[in-house]
Visitor: 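Below: one structure in structure tokens.
Sequence lines set the chain letters: A, B, ... in the order given, protein chains first and strands last, and positions in each chain run from 1. What's counted below: heavy atoms across the whole structure, side chains too, no hydrogens, waters or symmetry copies.
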There are 2 protein chains.
Amino acid sequence: MSLLEDLLEEVRAAKTTITRKSALNKVKLMRTLFDKEMLTLGDLVQDMGLSFPTMNSLVLDLHQRKMLVPKDKGESIGGRKPVLYQINDGIFNVLCVEIERFAVRMVVMDNNNNVLFEPKSYPFEISTQESDIEDLVQVILQYFEDRHIEEQNISAIGLSMPGLINFKIGTNQTFYSNNSFNISDYLKQKFGKHVAMVNDVKGAAISELAYGAAQDKENVLVILMDWGIGLGIIIDGKVYMGNEGFSGEMGHMVFVDEGELCYCGKRGCLETIASGVYLVNQARADIEKGVPTLLKNLKNLADLQPQHIIQVANQGDQYAIDLIASLGNNLGKAISLLIQILNPEAVVLSGKFAKAGSLITIPIQQSLNKYTMNAIRQKCEIQLSSLDDNGYAQGLVRYTVEDYFKNNLVTLNMNN
Amino acid sequence: MSLLEDLLEEVRAAKTTITRKSALNKVKLMRTLFDKEMLTLGDLVQDMGLSFPTMNSLVLDLHQRKMLVPKDKGESIGGRKPVLYQINDGIFNVLCVEIERFAVRMVVMDNNNNVLFEPKSYPFEISTQESDIEDLVQVILQYFEDRHIEEQNISAIGLSMPGLINFKIGTNQTFYSNNSFNISDYLKQKFGKHVAMVNDVKGAAISELAYGAAQDKENVLVILMDWGIGLGIIIDGKVYMGNEGFSGEMGHMVFVDEGELCYCGKRGCLETIASGVYLVNQARADIEKGVPTLLKNLKNLADLQPQHIIQVANQGDQYAIDLIASLGNNLGKAISLLIQILNPEAVVLSGKFAKAGSLITIPIQQSLNKYTMNAIRQKCEIQLSSLDDNGYAQGLVRYTVEDYFKNNLVTLNMNN
DNA sequence: CTGACTTGATTAAAATTTTTAGTAAAGTTT
DNA sequence: AAACTTTACTAAAAATTTTAATCAAGTCAG
């Protein structure tokens with residue numbers, strides 16, 4: 001049993017209200033420390049509303065158990081430097097399972113984002129067949145084998161995937177078309193661990209908020225540009241999920257009257273004119289027509305991916321540049337609607353398209369200038385994401401740990 | 001000095017931390033009680049994290065000062081009924097100043113929404129001339145005279161108006177075109193009272209949340225339909241203001257490519273095809289063309305107002321019904337974008353158009369079915385507002401009192 | 001209708017925490 | 001190097017929270 005589970009057990013086993021309260025405060029202290037990453041004793045006193053002596057004894061106890069460590073010293077503001085406390089490494093280890101359109105990427109990281117087992121991708125395609133979920137289990141077991149991972153070293157599983165995920169009950173509409181099958185429960189039973197499930201864009205938004213371009217901001221839109229187009233909405237410093245977890249489905253906003261048929265069943269969705277799918281389809285059609293472009297050098301046109309187009313555009317290919325620009329203009333028009341409605345302080349462009357840099361930002365900015373009210377746009381910065389390969393996994397770790405604490409604290413407070 | 005101000009003074013004058021804490025807790029108790037309207041001792045203990053004995057003595061003290069009263073008894077859940085406490089009448093009296101497009105409406109209400117001085121409307125037109133603000137002061141003084149109101153009986157002023165209002169610093173873009181003039185400060189100086197200023201749609205959203213169709217809901221869109229079209233966004237049970245207070249400007253979302261010129265400077269804004277202004281302009285043009293409609297009986301076509309069109313539509317006028325339906329279709333298309341982005345649990349249709357009932361809801365619903373993803377739309381109810389004439393003023397009272405508490409508690413906690 | 005069983009209100013003693021105050025340690029600034 | 005700040009830690013005094021007990025006011029089954 002892990003140190004954190006010991007602590008939770010201590011709360012459950014407490015005989016008097018006093019010992020219970022003390023143990024519960026230690027759990028809350030761990031959560032606060034995870035949330036804020038590094039805090040001084042004084043910060044903790046303020047955050048948790050306890051006195052210095054009490055907080056001191058709590059910290060001392062957790063220090064002795066090696067659950068937290070004095071890491072650095074904070075900046076002095078005219079006197080002695082305060083000690084900064086941090087959760088110890090390896091207190092909570094998360095298996096990150098990032099389900100992408102044609103692959104699953106896995107990595108194991110601890111609460112401080114240390115990589116415990118190196119990432120690896122496996123081919124995997126989402127469909128709505130019944131066997132998918134069992135396939136996923138097999139891929140996970142394969143990863144365990146490949147990296148020599150013992151299951152007992154994993155504290156919880158974090159799952160991210162595109163599509164509609166009901167965050168309140170843990171169902172989704174990606175595997176199986178009926179809403180009743182509960183992946184979280186299935187995996188939880190299979191592995192005997194806490195499972196957190198989150199939509200990929202919302203995971204990205206958490207990453208940007210905690211470690212990326214949205215740090216220290218309150219109201220931000222995170223646009224994830226890849227095969228599809230997703231939106232993560234940050235409001236009051238929190239990622240807004242939507243009433244059932246379905247917020248941010250901007251890719252299927254209807255944008256063109258009587259437009260092209262989208263795979264979602266509607267016509268003229270934004271994704272039909274501004275997405276990786278659109279880019280690839282358009283490029284394929286144009287290449288067949290004989291348009292001059294570096295893309296023609298590609299061996300197999302069927303393998304064409306959005307990143308190839310971005311790549312040649314960055315090399316100066318005029319066709320690719322124009323294609324990305326027209327996409328940027330349409331996307332900018334959509335973003336202008338969002339800004340007009342939500343008045344954010346920043347828009348963060350994330351995902352594979354961020355690599356296109358100003359080739360995409362300038363067309364977007366152009367549309368914003370045209371379609372947004374001055375006062376609302378003026379203070380809204382357009383920023384490119386700067387997260388690295390493990391960036392989204394870090395957000396997934398964060399979501400998983402938060403979910404774990406939330407679930408446990410709710411059930412602990414119930415059995416008052 | 002009012003009872004509430006006495007209490008605040010007590011906090012400031014407190015010599016020891018202990019007496020200060022106690023006085024501060026009484027202020028917080030008053031705020032909690034205002035926020036939740038009616039609470040039992042047990043509720044207060046839970047909400048504020050204090051023990052029964054302590055809370056009991058706080059309540060006793062405030063009861064003796066006549067700041068709160070035991071009002072009703074709660075429902076029994078198998079034993080003795082608990083006493084429900086409520087803030088006493090007349091503890092905080094708000095002058096509500098609702099600035100509309102062509103009028104100002106005023107009313108004085110207390111913290112429990114009792115009308116102390118009957119409402120009255122005065123003609124008033126917003127422009128960006130310097131003299132406007134002084135005109136407003138004159139109209140307020142006129143109201144005081146007409147209703148025999150003594151200034152000392154007013155605790156604070158609540159101001160609602162259309163347009164962009166920076167809620168953090170109290171400036172607006174309705175009076176004066178430059179952003180630097182501060183109406184709140186001006187009126188505060190003129191009357192020596194706290195002034196809260198809020199955008200009319202956000203005020204309406206607060207009303208719907210506290211007393212209307214959005215009660216007990218978490219994530220709701222409130223559409224205010226009048227001369228313009230406004231949107232109030234309720235997220236996690238709070239009205240979302242936007243980073244600078246400019247959220248919800250849906251009327252100026254660009255909706256028609258190279259459409260009609262809007263007064264905001266852009267082309268093809270939603271308001272040019274779905275608003276009271278559109279309705280009136282379209283009707284005037286059609287009547288001149290000789291379309292058969294009951295509206296022709298109107299004496300003066302220049303006086304045509306949206307409510308006239310709604311009225312004849314309710315009487316069965318086919319032209320008006322069709323006109324409203326086409327507006328509803330367009331509006332529904334816009335709302336479908338919002339639902340797709342924000343996944344609310346309900347959409348509340350408020351404002352004068354709500355009187356059109358199913359004549360407007362059915363066309364809207366029709367568009368929603370066409371343009372929104374099934375899963376997101378399914379659990380989203382479309383509801384009509386049921387607020388009465390003073391409904392929006394009640395939201396303004398609520399905003400004003402909340403603002404007053406927030407401001408005071410912030411400054412009190414600063415001089416720790 | 002009565003009696004057993006709830007839950008709520010109130011009070012008092014015991015346990016614990018918070019204040020308050022004082023001292024030492026560790027920096028910064030003049 | 002001295003004076004001033006801020007943090008860390010300890011201990012006595014003061015206040016609050018627990019805990020427990022009693023009374024009041026309901027519900028509900030028989």
Visitor: Between atom NE2 in B/H63 and atom P in C/dA9, what is the gap in whole Å?
Guide: 13 Å
Visitor: For residues B/D236 and A/Y240, is any side-chain donor paired with an opposing acceptor at under 3.5 Å?
Guide: no
Visitor: If you pin B/F52 and A/G42 to their nearest nucleotides in DNA chain D, which one's is more 5'?
Guide: A/G42
Visitor: I need the CE-P distance between B/M55 and D/dA15, as an integer number of Å.
Guide: 19 Å
Visitor: If each of B/G49 and A/L41 is mapped to the nucleotide of DNA chain D with the nearest heavy atom, which maps nearer the 5' terminus, i.e. the 5' end?
Guide: A/L41
Visitor: Summarise how protein sits on nucleotides 24-30 of chain C as a single string, 5' to 3': B when a protein heavy atom is under 4.0 Å from the base, S for sugar-phosphate-only contact, - for no contact.
Guide: -BBBS--
Visitor: Which residues satisfy the salt bridge (Lys or Arg N to Asp or Glu O under 4.0 Å) test with B/E5, sequence neighbours excluded?
Guide: none
Visitor: Going by the rule salt bridge (Lys or Arg N to Asp or Glu O under 4.0 Å), which residues pair with B/K188 if we only count those two or more places apart in sequence or in a different chain?
Guide: none
Visitor: In whole Å, I'd like the distance from the CG atom of A/L50 to the C1' atom of C/dT19.
Guide: 14 Å
Visitor: To the nearest Å, give me how far apart OH (B/Y85) and P (C/dA9) are.
Guide: 7 Å
Visitor: Out of D/dC9, D/dT7, C/dT19, which has the shortest distance to the side chain of A/N56?
Guide: D/dC9
Visitor: Excluding sequence neighbours, so at least two apart, what forms salt bridge (Lys or Arg N to Asp or Glu O under 4.0 Å) with B/E402?
Guide: B/R398
Visitor: Among residues at least two apart in sequence or on other chains, which ones pass salt bridge (Lys or Arg N to Asp or Glu O under 4.0 Å) with B/K66?
Guide: none
Visitor: Please assess A/R65 against A/D6 for the test salt bridge (Lys or Arg N to Asp or Glu O under 4.0 Å), listing each intermediate value before the final yes or no.
Guide: CA-CA 11 Å; A/R65 296 168 181 234; A/D6 287 346; over 6 Å; no
Visitor: Taking atom P of C/dA15 as reference, at what distance in whole Å does atom NZ of A/K15 sit?
Guide: 19 Å
Visitor: Run the side-chain contact (heavy atoms from CB on, under 4.5 Å) test against A/A213 and tell me which residues pass, sequence neighbours left out.
Guide: A/E208, A/V348, A/Q383
Visitor: Would you kindly give the CG-to-C1' distance between B/D43 and C/dT7, to the nearest whole Å?
Guide: 14 Å
Visitor: Keeping to residues at least two apart or across chains, list the side chain to side chain donor-acceptor pair (under 3.5 Å) pairs with something in residues 25-38 of chain B.
Guide: B/K26-B/D61, B/K36-B/D47
Visitor: Under 3.5 Å, which N/O atoms of the protein pair with N/O atoms of nucleotides 20-22 of chain C?
Guide:
{"from": "C/dT20", "atom 1": "OP1", "to": "B/T17", "atom 2": "N", "distance (Å)": "3.3"}
{"from": "C/dT20", "atom 1": "OP2", "to": "B/T17", "atom 2": "OG1", "distance (Å)": "2.2"}

Visitor: CG of A/N25 versus P of C/dT16: gap in Å, rounded?
Guide: 15 Å
Visitor: Applying ring pair (Phe, Tyr, Trp, His ring centres under 6.0 Å), which residue pairs with at least one partner in residues 14-71 of chain B are found, sequence neighbours left out?
Guide: none
